[in-house]
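Structure first, then comments.
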Amino acid sequence: SVEASIPEPQREAWQRNQVANFANKDGFEREVVRHVETTLARSMFNCDEVAAYSATSLAFRDRLITDWNKTQQRQTFRDTKRVYYLSLEFLMGRALDNAMLNVGLKDVAKDGLNELGFRIEDVIKQEHDAALGNGGLGRLAACFLDSLASLNYPAWGYGLRYRYGIFKQEIIDGYQVEVPDYWLDFNPWEFPRHDVNVDIQFFGHVNKTTNADGKTVSVWEGGEIVQAVAYDVPIPGYDTPTTNNLRLWSSKASGGEFDFQKFNNGDYESSVADQQRAETISAVLYPNDNLERGKELRLKQQYFWVAASLYDIVRRFKKSKRAWREFPEQVAIQLNDTHPTLAIVELQRILIDVEGLEWDAAWDIVTNTFGYTNHTVLPEALEKWPVGLVQHLLPRHLQIIYDINLYFLQKIEKAFPNDRDMLRRVSIIEESQIKMVRMAFLAIVGSHKVNGVAELHSDLIKTTIFKDFVQIYGPDKFTNVTNGITPRRWLHQANPRLSELIASKCGGLEFLKDLTLLNKLEQHIGDKEFRREWAEIKYANKVRLAKHIKDATGVTVNPASLFDIQVKRIHEYKRQQLNIFGVIHRYLTLKAMKPEERKKQLPRVSIFGGKAAPGYWMAKQIIHLINAVGAVVNKDEDIGDLLKVIFLEDYNVSKAEIICPASDISEHISTAGTEASGTSNMKFVLNGGLIIGTCDGANIEITREIGENNIFLFGNLAEDVEDLRHAHTYGSHTIDSDLDKVFDEIEKGTFGTPHDFGAMIGAVRNHGDYYLVSDDFHSYMETHQLVDESYRNQDEWIAKCITSVARMGFFTSDRCINEYGEEIWNVEPLPVERN
Ligand code: PLP
C-alpha cells in the first residue's frame, strides 16, 4: 500500500494528520476566509472580487494537490505504464470553473461565495486565461489532458512555461495591434518545484575518447548550460480523484540568479545579461499557427524542453530498477506535431552516450517508445532546420541524426535497389542549397506509429507527403485518430443550461462520461415542450453574446437575428476572405432591393474573431477589411438589423465558451484538403448550432455521423483542387461574376481606401487564386441562401439541431484517448474509487 512507504515509527503521526479536503459549504467558506486572511494577508474589509477569486482558487488548488499526491503515489506503487504527452502548446484557458465542475463542488462554491457576498460568475471572470498556445493544436492538447485524467490514465503532459502566452489582440482603427500577454502576476494553479531542475547544455563540441572497456565513446563538452526548473499544474479528472500532472519547464541561468564570480569582479552588467539570456528561452510563445519560421531561439526552446522532459522521464524509469529493454513497456511518449522530434535523438543519445547501450538495442527502445501525430499537409508548416544551425547548437545531436539517416538509407537501398531517386526523396537530410533536417521524416523513422487527425487528413498524408514511407514501412505504421473535444468544458461548463436539459432527457449527467448516451435525445425530438426549452436556451445564449458584443464593440445586435459565426485563427486557407466577400455580396443585394422586398429578408449578424500572426500581412488585411465593412454596414440606416458585421477582438478560450453556445450557424470553410481536422466545428455542433462547411477535415466525419440533411456543405472536393489550381495558372481563369461585383465595390472605395485591400483581390484575380475563393464563391452563396430558407422554418431547424447533438457522441476526446491508448500507447487506465 501507499502508506507502507512511510517508515513505521512516523507513520501514525502522518496518518493522524492527513489533510481533510473540504466537502461542503462551511468547509469551503472556512478555506476561503483562511486564504484571504493568511495567504493573501487581506481581511473581509478589503476583499474585492480579485481576492475572492484568488482565495477560491487556492481553496480548490489545495484540494487538487492532495488528490494529485495520492494519484502520483498510486501510479508509482502500481508501477504501471505511463503516457507522456509532449506538446509545445497547451491552450488551457481558465482553470477555476473547470476545477469546480470536475470535482463536483461548483454548487457548494456558489452558495459559499454568495454567503460571503460574491456572485460566482463575477469571481470566475477574474481569472486570466492560460493561453500557452496558438489554436487548434494547443487546445487539442488541453482537451486530451482532461480526458486522460477523467479516464484515469497514468499520464503527464510536458510543455514550456512561457512568461508570455499568445499576444492579446486589440483592434485599433480596424487594425490588429498586438499587446504582450503577461499572465503570471498571480497564478495559483502552478506549483514551482525548485528542487526539480535539470541542467541543459547547448553549443560546445564533441570529443571521441576510449572508455574503461576500450570502447570508443562520444563526449559532448563545452558550450553553455541553462537550467530548467519544473512548474507543476494539477489536472483534475471529471468525477474521479485522479489528478494528473502538467509539467511546464521554465529557464533560468545555471548556478543561481547571476554569476557571482563576474559580479564580484565588478562585471555586474554581463552577469545580469547571462541571466537574462537564459530566461529568454522560455519567455515567449511563437505566435505562428501553421507556419514555421526557422528561428534559432525556437530550436533552443524545443531542445530545452525536450531534454528536460526526457531527463525527468528517464529518472522516473530508473527508479524502478528495470532493464532498459523494458523502457517501452513502461513509457509511451506522444509527439504532438514535429516540435518535440528532437526527443527521439535525445533518447538515443542518452542510451548510447550516457547509459552505454549498443546502437541497435538503443534504437529499438527509441522507436518502440515514440508515436508521432501529424497536424498538417501545408508545405509552409512542415518543420525543417538548417543543418548548420543544428550543428552549431547541438553538435552531438547532428551526428546522431546523420547516423540515424545512414542506417535508414542503407535499409532503403537494400529494399529498393535501383531507386536512387527514392533515397533522395526520403532522406532525413534534404540536399538543397542550404542543407536541411526534415523533422517530419525524422519523426516517422523514429516512431512506431504515425497518425493523422481526421480520416481525410490521414488518407492525404499517406498519398502525398509521406507516400514513400507507406511503401517503405507498409500501411500499418500509419493510422488515423480523429480529433475530439472534452464535453466537460465545451458543453457542461460553457453551456450549463443546455447540459442540464440534456441530462434531464438522457438519464442524468452520465452522458458527460459516455457521450454516445446523447443518442437518447432523438426520442424526444417530437416533444414540443422540449423543443421550446431548447430554443429558449439558444436564445438566452444569444442574448448573453449580444451583451458581450455591445460591451466590447458598442454595436447593438438583435438576438432574434440569425447568428453566423466564424472564429478561429485568421488564415488564407481558412478563408475568412471568402466569408467577408460573401457578406459584402449580401450587403449589395440588400441595398439593391426595394424597401418592401427588403423587409421580407432574414436579419443576420456576421460575427468574426481570431488572431493573425504578427508577421502575416495578408491575414491582417483580412481583419482590416472585416472591420471596414462593419464600419459601413453597421451604420447604414437602409439596412438596420438586416445585417450587422462584428469583429470580436482577442478571441481566446474563455471567449469561445461564450461564443460557441450562441451560434445558429458557424463557418468551417477551408479550401478542401487544407484543414487537417478542425475542432471548433465539433464545439459548435455539440452546442446546438448547425454548420456551413467544405468537405474538409472532420467536417466529413461530422456529416457522416449527423446526416447530410443536417449540415450545409458546399464547394469543390479535395480531389479536384490540384487540377483547378493547374487550370488557374495555365488555362484561362475567369472570376465568378458576383465576386467580380464585390471586388468592383471594394475598388470603388465603398469600404475605405481600395489600395488597402489590393493584395486580397489580386490574390484571386491575378495570382492564381490558390485557395479557390472564386471557384467556391457561387456554391457558397447558394448554400447561404439555403441556410436562410431553412432557418425560417424554426421547428425544422431546431429538430436538425437536436438530431445533430444526439449524434455527436463520437467526437468526445475520451474516444480519441481510448484509441491512442489501445492502438498506439498500449496503456491501460488505473481505475480508482472516490473515497
Ligand atoms: N482557438 C481557440 C481559442 C479555440 O478555443 C479553438 C477551439 O477549437 C481553436 C482556436 C480551434 O479552432 P478551429 O478548429 O476552428 O481552427
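Side chains are part of it too, since the values below use all heavy atoms of this structure and drop only hydrogens, waters and symmetry mates. Residue numbers run from 1 in the order of the sequence given. In each ligand, atom 1 is the first atom listed, and ligand 1 is the first ligand listed.
For the pair Asp129 and Lys655, the salt-bridge criterion is not met [side-chain N within less than 4.0 Å of a carboxylate O].
Close N/O approach between Ser680 and ligand 1 is found [any backbone or side-chain N/O within under 3.5 Å]. When only interatomic distances are considered, the shortest N/O to N/O separation between Thr679 and ligand 1 falls below 3.5 Å. Considering backbone and side-chain atoms together, Asn681 places no N or O closer than 3.5 Å to any N or O of ligand 1.
To the nearest 0.5 Å, atom CH2 of residue Trp797 and atom CD1 of residue Ile665 are 4.0 Å apart.
For the pair Arg163 and Tyr182, the NZ or CZ position fails the cation-pi test of under 6.0 Å to the six-membered ring centre and within 45 degrees of the ring normal. Judged by the 6.0 Å distance and 45° axis criteria, Lys611 is not positioned over the aromatic ring of Tyr651.
For Lys574, the heavy-atom gap to ligand 1 drops under 4.0 angstrom. Using a 4.0 angstrom heavy-atom cutoff, Phe684 does not count as in contact with ligand 1.
Remark: Glu170 engages no residue in a salt bridge (charged side-chain N to carboxylate O under 4.0 Å, His left out) (not counting sequence neighbours).
Of the protein's non-hydrogen atoms, the one nearest atom 9 (C) of ligand 1 is Gly136 N, 4.0 Å. If you check which protein heavy atom lies closest to atom 1 (N) of ligand 1, you get Tyr651 CE2, 3.6 Å. Given atom 8 (O) of ligand 1, the protein heavy atom at minimum distance is Lys683 NZ, 2.6 Å.
Atom numbering of ligand 1 starts at 1 in the shown order; those under 4.0 Å from a heavy atom of Gly135 are 1 (N), 10 (C). Residue-ligand proximity, Gly678 to ligand 1, at heavy-atom distances under 4.0 Å covers atoms 14 (O).
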Open item on the list: Applying side chain to side chain contact (heavy atoms under 4.5 Å, CB included) to Val557 and Val555, what does each step give before you reach the verdict?
Closed with: CA-CA 6 Å; Val557 301; Val555 179; 4.3 Å; yes
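Atom NZ of Lys168 has 12 or fewer heavy atoms from other residues, nucleotides or ligands within 6.0 Å.
In this structure, the side chain of Lys683 does not engage the main chain of Ala656 through any donor-acceptor pair within 3.5 Å.
Atom 3 (C) of ligand 1 has its nearest heavy-atom neighbour, among Asn652, Asp650, Leu137, in Asn652.
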